[in-house]
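All remarks here apply to the structure that follows.
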Amino acid sequence: QVQLLESGGGSVQAGGSLTLSCDASETGYSTMCMAWFRQAPGQAREAVATRGKFGTKFYTDSVKGRFTIFQGNANDTLYLKMIDLKPEDTGLYYCAAKGSGDCYLGSSFTSWGQGTQVTVSA
C-alpha cells in the first residue's frame, strides 16, 4: 500500500482559509483515485472530496463552492484548498487513495494517512 502523509492543518477563525497537503510515497500513485475525508469528534468519518485519475471531482454538499481538491503540477502532492471555513468543518482530515475502479464519495479506499487536525473557531 502507498504511504500517505498529510500536513497543513491548524486553527483558524470562521471565514478563514487553509490548504492541506498529502504526499504519496509512490511516484504516480496520486494519478489514481485520491480523496480527502474528515472525522469530527463523536461522528463517523465522511468523504469530503474525491479526485479521479482523469480529473473528475466530487464534493460533499456541505463543502461545495468552498473546498477545492487538486493535484500539484510537478509532484505527487494532493491538495485540499479550503476557504470560508466554518466551525462545522472542524475535524481530523485524512488523505486516502485507491488504485483502480470507481472513484466516488462512497468508494472504498485502501490506503490512508494519519490525519491532520483542522479546528475552526466561531
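Model, not experiment: these values are computed from the prediction.
Considering only residues two or more places apart in sequence or on other chains, Q39 meets the side chain to side chain donor-acceptor pair (under 3.5 Å) condition with none of them. Annotation: side chain to side chain donor-acceptor pair (under 3.5 Å) contacts of S11 (sequence neighbours excluded): none. Residues satisfying the side chain to side chain contact (heavy atoms under 4.5 Å, CB included) criterion with V12, sequence neighbours excluded, are L18, L85, V120. The side chain to side chain contact (heavy atoms under 4.5 Å, CB included) search around S17 returns I83, not counting sequence neighbours. Take L5 and apply the side chain to side chain contact (heavy atoms under 4.5 Å, CB included) test, not counting sequence neighbours, and it matches no residue. With sequence neighbours excluded, the residues forming a salt bridge (charged side-chain N to carboxylate O under 4.0 Å, His left out) with R66 are D89, listed by chain and number.
Annotation for A14 and P87: closest pair CB-CD, 4.1 Å, computed over non-hydrogen atoms. Scanning all heavy atoms of the two residues, the minimum distance from W36 to S21 falls at CH2-O, 3.6 Å. For A49 against L80, the heavy-atom pair with the smallest separation is CB-CD1, 4.3 Å. Closest approach of V2 and S25 over heavy atoms only: CG2-OG, 3.5 Å. In terms of heavy atoms, S111 sits closest to L4 at O-CD1, 3.6 Å. Residues L105 and F58 come closest through the heavy atom pair CD2-O, 3.9 Å.
Taking CD from Q43 and CZ from R38, the interatomic distance works out to 9.0 Å, rounded to the nearest 0.5 Å. Expressed to the nearest 0.5 Å, how far CE of M82 lies from OG1 of T19 amounts to 7.0 Å. To the nearest 0.5 Å, atoms SG (C22) and CD (Q71) are separated by 9.0 Å. Going from atom OH of Y104 over to atom SG of C33 covers 10.0 Å, rounded to the nearest 0.5 Å. Atom CE in M34 sits 11.5 Å away from atom OG1 in T50 (nearest 0.5 Å). Distance check, rounded to the nearest 0.5 Å: CE of M32 to CZ of R51 gives 10.5 Å.
Remark: side-chain polar atoms of E6 are not paired, donor with acceptor, to backbone N or O of T116 under 3.5 angstrom. A side-chain donor-acceptor contact under 3.5 Å links Y59 to the backbone of I69.
Linking ILVMFWY side-chain heavy atoms closer than 4.5 Å, directly or via other members, places L20 and F109 in two distinct hydrophobic clusters. Residue L78 is not grouped with residue Y94 when hydrophobic side chains (ILVMFWY) are merged at heavy-atom distances under 4.5 angstrom, including chains of intermediate members.
Atom NZ of K81 is surrounded by 12 or fewer heavy atoms from other residues, nucleotides or ligands within 6.0 Å. The number of heavy atoms from other shown groups lying within 6.0 Å of CD (Q117) is above 12. Enclosure of atom CD in Q13 is not indicated, since only 12 or fewer non-hydrogen atoms of other residues, nucleotides or ligands lie within 6.0 angstrom.
Inter-residue side-chain proximity for S62 and E88 is flagged as unmet; no heavy-atom pair is nearer than 4.5 Å.
Taking the six-membered ring for Trp and the full ring otherwise, F37 and W112 have centroids separated by under 6.0 Å.
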